[in-house]
Asker: 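Please find one structure pasted underneath; my questions will follow.
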Amino acid sequence: MPRRLLLALCVLGAAGLAVFWWLTQPSTIALAATTRAPDLANGQEMFNIGGCASCHQVPNQPDRLKLGGGLPLTSSFGTFYAPNISPDPNDGIGRWTEAQFVNAVVKGVSPGGSHYYPAFPYTSYAGAKVDDVRDLFAYMKTLPPVAGKSRDHDMPFPFNIRRTLGIWKLLFFDDKPFVTNASHSAEWNRGAYLVNTFGHCAECHSPRNPLGGIVSAQRLAGGPDPEGQGFVPNITQKGLSDWSESDISYFLETGQLPDGDSAGGSMARVIRNTSQLTPEDRKAMAVYLKSLPPVEGPPKPKKPAG
């Protein structure tokens, strides 16, 4: 190979690596100091709507506040294992600063400066108010510490290279904060905020493209279960046209469907969280969901004959 050509290839390779490194640099926010006292009741509400216990509760034990992690979350990209997020100083988040916690939740960046996988739904949490995240952190510090780390994620190449998530974020991560819609009521806006940020309903109730990004045109229109177990229902008016606001609110409290059936699978874990919300917040979520226009979702797979 001619010497000049080899040199040119080396220069191009170095330039390409530099551009990749620049594009995939984790982005964080600088947290301004505040004298505001944390609101633990609000932090508990954010904890419940955020579904923290659904993933991070230690499996096979009844206390939903023991957040030692370990639950496996399967996907087409590999298996994720929920980490310990209890206040344990060695194995959990007990030594995290408030700024580190906020950046993890709204930016998907670890205290060490690496990207988190979007199995942690920071793609929805990103729209949350910083004060709500602060309150959540203060509440979580009151929970019991749990010793023990969960195992590492089981990810094949190239998905085990976290730096590549910087490109994924450029394509699919919208970290704009939630904006109130002045044409709707305060109750509707509260419901929209809870559903679309901490509630992260779209993370399961939306179809995804081959790279794992939500198909925005079919947001909340249902699709294959991200864990590969069945089909998640459409929660726009295409799927909930026969439900009233009271039906939705009652379902979020009890898990009971209007036809008398009850929620199962991963939704049963969600109901254990939404049942802890205030009646006003469940009602606000119902008002918002009932207002959504009908959106056609992906077709369900046909059941085998017989």
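Scope of the values below: all heavy atoms of this structure, side chains included, with no hydrogens, waters or symmetry mates. Here, residue 1 is the first one in the sequence, and each next residue gets the next number.
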Asker: Tell me yes or no: between the side chains of D135 and N42, is some donor less than 3.5 Å from an acceptor?
Answerer: yes
Asker: Ring centres of F120 and F80 under 6.0 Å apart?
Answerer: no
Asker: Would you mind checking if R282 and E245 are paired as a salt bridge, meaning a charged N to carboxylate O distance below 4.0 Å?
Answerer: no
Asker: So does S54 get a backbone contact from the side chain of R272, meaning a donor-acceptor N/O pair under 3.5 Å?
Answerer: no
Asker: Sub-3.5 Å donor-acceptor pair from the side chain of T79 to the main-chain atoms of L73, do we have one?
Answerer: no
Asker: How many angstroms lie between CG in L211 and CH2 in W168, if you round to the nearest 0.5 Å?
Answerer: 9.5 Å
Asker: Which is it for W96 and F137 under the ring pair (Phe, Tyr, Trp, His ring centres under 6.0 Å) test, yes or no, and what are the steps along the way?
Answerer: CA-CA 10 Å; W96 286 27; F137 183 54; 7.7 Å; no
Asker: Strictly distance-based, threshold 3.5 Å: is any side-chain N or O of S150 a donor or acceptor partner for the main-chain N or O of G69?
Answerer: no
Asker: For the pair N196 (side chain) and S124 (backbone), establish whether a donor and an acceptor sit closer than 3.5 Å, ignoring hydrogens and angles.
Answerer: no
Asker: Set out, in order, the CA-CA distance, both residues' side-chain angles and the distance that settles side chain to side chain donor-acceptor pair (under 3.5 Å) for N84 and S86, then state yes or no.
Answerer: CA-CA 6 Å; N84 185 332; S86 79; 2.8 Å; yes
Asker: Please step through side chain to side chain donor-acceptor pair (under 3.5 Å) for the pair K66 and Q57, ending with a clear verdict.
Answerer: CA-CA 6 Å; K66 290 184 176 179; Q57 174 184 343; over 6 Å; no
Asker: Could you tell me whether the side chain of K169 and the main chain of K107 form a donor-acceptor pair under 3.5 Å?
Answerer: yes
